[in-house]
Amino acid sequence: MALSHTDFPTPGDGYDCRMVREILDLVGDKWSLYIIATLKDGPVRFNELRRRIDGISQRMLTLTLRGLERDGLVKRSLFPTIPPRVDYELTDVGRTLLAPVMALVTWADTNQDIIQDARVRYDAG
């Protein structure tokens with residue numbers, strides 16, 4: 001088995017390791033992947049996002065959405081209704097994350113039993 005892409009950018013040439021690390025930290029945090037995957041089919045209201053993502057608190061959803069919005073991955077739309085309606089959707093650049101995010105989600109789903117068995121064996125001895 002060989003890595004197919006090992007030509008990582010080198011410092012200089014406009015590559016900033018810290019910036020890349022910040023971006024990877026954001027999209028790889030505990031909740032961002034779930035949010036991106038949940039928004040894959042189009043705009044979703046805040047409370048609906050919260051219902052669909054098991055275990056996320058209102059505060060954590062708010063903070064994560066703000067970070068994704070700040071980085072241009074999620075767009076927030078406010079509708080002047082009573083009560084106000086807020087929808088979130090992926091931007092064009094956010095949609096480019098769907099393939100790698102869904103690949104990770106699929107991989108995790110496919111391998112969860114194998115990983116759980118490995119953890120049990122490791123913890124046992």
Side-chain angles (χ1 to χ4, degrees):
M1 181 159 82
L3 294 175
S4 61
H5 181 72
T6 57
D7 297 325
F8 293 106
T10 55
D13 303 330
Y15 179 73
D16 182 351
C17 293
R18 290 168 298 206
M19 183 64 173
V20 170
R21 180 75 255 156
E22 285 179 27
I23 294 167
L24 291 174
D25 285 346
L26 173 70
V27 299
D29 77 1
K30 183 175 181 178
W31 298 112
S32 292
L33 296 177
Y34 286 108
I35 291 170
I36 291 165
T38 304
L39 293 175
K40 70 180 172 51
D41 294 324
V44 179
R45 294 178 75 168
F46 181 88
N47 284 328
E48 181 61 24
L49 268 174
R50 196 165 149 218
R51 279 191 291 275
R52 290 186 192 179
I53 302 172
D54 188 38
I56 195 167
S57 68
Q58 181 171 337
R59 175 171 163 66
M60 188 51 62
L61 179 57
T62 298
L63 291 173
T64 306
L65 283 167
R66 283 183 188 161
L68 293 168
E69 184 180 11
R70 179 177 181 246
D71 286 347
L73 303 175
V74 168
K75 176 185 169 193
R76 179 181 184 265
S77 298
L78 176 64
F79 298 93
T81 59
I82 298 175
R85 178 178 143 199
V86 179
D87 285 355
Y88 292 89
E89 63 183 308
L90 295 173
T91 63
D92 290 341
V93 72
R95 278 192 283 289
T96 66
L97 267 175
L98 281 174
V101 164
M102 295 312 293
L104 282 170
V105 169
T106 301
W107 178 87
D109 184 55
T110 301
N111 292 289
Q112 64 183 333
D113 292 336
I114 294 166
I115 292 169
Q116 183 58 33
D117 291 345
R119 289 176 178 175
V120 168
R121 281 192 311 276
Y122 181 88
D123 292 345

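None of the values given here were measured: they were computed from a predicted structure.
Between Glu48 and Arg51 a salt bridge is recorded (basic side-chain N to carboxylate O distance below 4.0 Å). Checked for salt-bridge contact, Asp25 and Arg21 meet the test: a charged N lies under 4.0 Å from a carboxylate O.
Considering CD1 of Ile36 and CG of Leu73, their distance stands at 6.0 Å, rounded to 0.5 Å. Between Leu63 atom CG and Gln58 atom CD the span is 10.5 Å, to the nearest 0.5 Å. Distance check, rounded to the nearest 0.5 Å: OH of Tyr34 to OG1 of Thr64 gives 12.5 Å. Put simply, CH2 on Trp31 and OG1 on Thr38 are 10.5 Å apart, with the number rounded to the nearest 0.5 Å. Between atom CG of residue Leu61 and atom CZ of residue Arg66 there is a gap of 10.5 Å, rounded to the nearest 0.5 Å. If you take CG on Leu98 and CG on Leu39, they are separated by 9.0 Å, rounding to the nearest 0.5 Å.
Counting non-hydrogen atoms of neighbouring residues, nucleotides and ligands closer than 6.0 angstrom, the OH atom of Tyr122 reaches no more than 12 such neighbours. More than 12 heavy atoms of other residues, nucleotides or ligands lie within 6.0 Å of CG in Asp117, so this atom counts as buried by the packing criterion. Residue Tyr88 places its OH atom among more than 12 non-hydrogen atoms of other residues, nucleotides or ligands, all under 6.0 Å distant.
Looking at Asp29, its side chain does come within 3.5 Å of a backbone N or O of Ser32 through a donor-acceptor pair. A donor-acceptor pair under 3.5 Å links the side-chain atoms of Thr91 to the main chain of Gly72, judged by distance alone.
Heavy-atom minimum distance, Thr81 versus Arg85: OG1-N, 3.4 Å. The shortest non-hydrogen separation linking Arg50 to Ser57 is NE-C, 4.4 Å. Considering every non-hydrogen atom in both Met102 and Ala37, the closest pair reads SD-CB, 3.8 Å.
No side-chain heavy atom of Val44 sits less than 4.5 Å from a side-chain heavy atom of Asp87.
The hydrophobic clustering, which links ILVMFWY residues whose side-chain heavy atoms are closer than 4.5 Å, places Phe79 and Leu49 apart. A continuous path of Ile, Leu, Val, Met, Phe, Trp and Tyr side chains, each step under 4.5 Å between heavy atoms, connects Phe46 with Leu78, placing both in one hydrophobic cluster.
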